[in-house]
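Throughout, protein chains are lettered first and strands after them, A, B, ... in sequence-line order, and every chain is numbered starting at 1.
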Number of protein chains: 2
Amino acid sequence: MAVNTQFSIAVHLLAGLACQDGQETTSGHLAMSVNTSPSFVRRTLAKLSKAGLVETTTGKSGACRLARKPGRISLLDVYHAVDAPKVFAIHEYAPQKPCVVSCNIKMALEKALAKTQAAMEASLAAITLADIVSDLKK
Amino acid sequence: MAVNTQFSIAVHLLAGLACQDGQETTSGHLAMSVNTSPSFVRRTLAKLSKAGLVETTTGKSGACRLARKPGRISLLDVYHAVDAPKVFAIHEYAPQKPCVVSCNIKMALEKALAKTQAAMEASLAAITLADIVSDLKK
DNA sequence: CTATACTGTGACTATTATAATAACAGTTAT
DNA sequence: ATAACTGTTATTATAATAGTCACAGTATAG
């Protein structure tokens, strides 16, 4: 178990909703599939709801369903929705004045890693929930 | 401070070595630039050494220097050397038998995320230590 | 208008991963 | 022999994450 479980759980939930074909589901039902507590599901689901990926209704017989067709939800949308961390973190440290490397490495690294982050996000943008779902049914 | 500091520290160390233009340096000296203990530096340095990115000599007046020219060391080399974690982890859970999603999502996610990982690595491969160093001097 | 069944959220605990330090064994110039 | 370095193990401290519990808010149904 490592850093980014929440992202994969979010995809799992969305895939579950997608397989319902527009039918509504409760957090309890989804929790059984993911095998966690309904509470944990709701917390992730709430983020997806705020990002506009799912619609939820409260009150008795409250439920949730996809807000868009699976083909119009990219993994990048999910990545942003769950507020996943950047791929690389840069270490904090007190720059040592006389050292050129120490004083400027952070800026140089940020520039380089921004490219990498962009490449990763572009790749995520190219995969939709529909792709995931179609793989499930093979 | 987050997940992947070791990668950025490794780049920092290599950049430091690159700025020495082949001259040798000790872990103590590098530690001052990164602002950590020599011990921590050596641990990271040892990984880089095993990966063939730096050469070290032991004994009195032991030291380290780059094994190749900065232009021939890519950030992907560094990424592999420090054994950084994958971009995305997939959650563990007990698949619930009657549920298609639960049983197959892991496989589908792995397939999708392999693409993303590859995109990220390709991006890292395109950046060399020389690029980083030239940014330092601006 | 009360009971019910859901979502949304805050507080809390447990667990894991990482950072960081210290200590020592191995090695080689002087 | 001694000194000064690397390599490695063991240990502790700290931070991030996973996971649970409890309750407030809300809408439906009787």
d([atom1], [X]; [atom2], [N]) in whole Å:
| X | N | atom1 | atom2 | answer |
| --- | --- | --- | --- | --- |
| K47(A) | dT9(C) | NZ | P | 11 Å |
| L45(B) | dT8(D) | CG | P | 12 Å |
| E24(A) | dC6(C) | CD | C1' | 11 Å |
| H29(B) | dA4(D) | NE2 | P | 18 Å |
| R65(B) | dT6(D) | CZ | C1' | 13 Å |

First locate atom [atom1] of [X], then atom [atom2] of [Y], and finally report the distance between them rounded to the nearest 0.5 Å.
| X | Y | atom1 | atom2 | result |
| --- | --- | --- | --- | --- |
| L75(B) | S123(B) | CG | OG | 8.5 Å |
| D135(B) | N104(A) | CG | CG | 9.5 Å |
| T116(B) | K111(B) | OG1 | NZ | 12.5 Å |

Problem set entry | Distance test, side-chain N/O of K50(A) to OP1/OP2 of dT9(C), below 4.0 Å | yes
Exercise. Does T26(A) put a side-chain nitrogen or oxygen below 4.0 Å from OP1 or OP2 of dC6(C)?
Worked result: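 The answer is no; no side-chain N or O of T26(A) sits under 4.0 Å from OP1 or OP2.
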Problem set entry | Check against side chain to side chain contact (heavy atoms under 4.5 Å, CB included), V41(A) and I9(A) | CA-CA 9 Å; V41(A) 170; I9(A) 288 179; over 6 Å; no
Problem set entry | DNA chain D stem ranges, 3 or more consecutive Watson-Crick or G-U pairs under 3.5 angstrom | C:1-30 with D:1-30
Looking only at heavy atoms, what is the nearest atom pair of [X] and [Y], with distance?
| X | Y | value |
| --- | --- | --- |
| A81(A) | K47(A) | O-CB, 3.7 Å |
| F7(B) | Y79(B) | CE1-N, 3.6 Å |
| I73(B) | L53(B) | CD1-O, 4.0 Å |

For this session: Go along nucleotides 20-30 of chain D 5' to 3' and tag each nucleotide: B for a protein heavy atom under 4.0 Å from its base, S when only backbone or sugar atoms are that close, - otherwise.
Result: BBB--BBBB--
Problem set entry | Working for side chain to side chain contact (heavy atoms under 4.5 Å, CB included), residues D77(B) and R68(B) | CA-CA 12 Å; D77(B) 293 329; R68(B) 307 182 214 154; 3.5 Å; yes
Problem set entry | DNA chain D: 5'-proximal contact among I9(A) and G62(B) (nearest heavy atom) |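 In this pair, the answer is G62(B).
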Exercise. Can you name the residues that form a salt bridge (Lys or Arg N to Asp or Glu O under 4.0 Å) with K106(A), not counting sequence neighbours?
Worked result: E92(A)
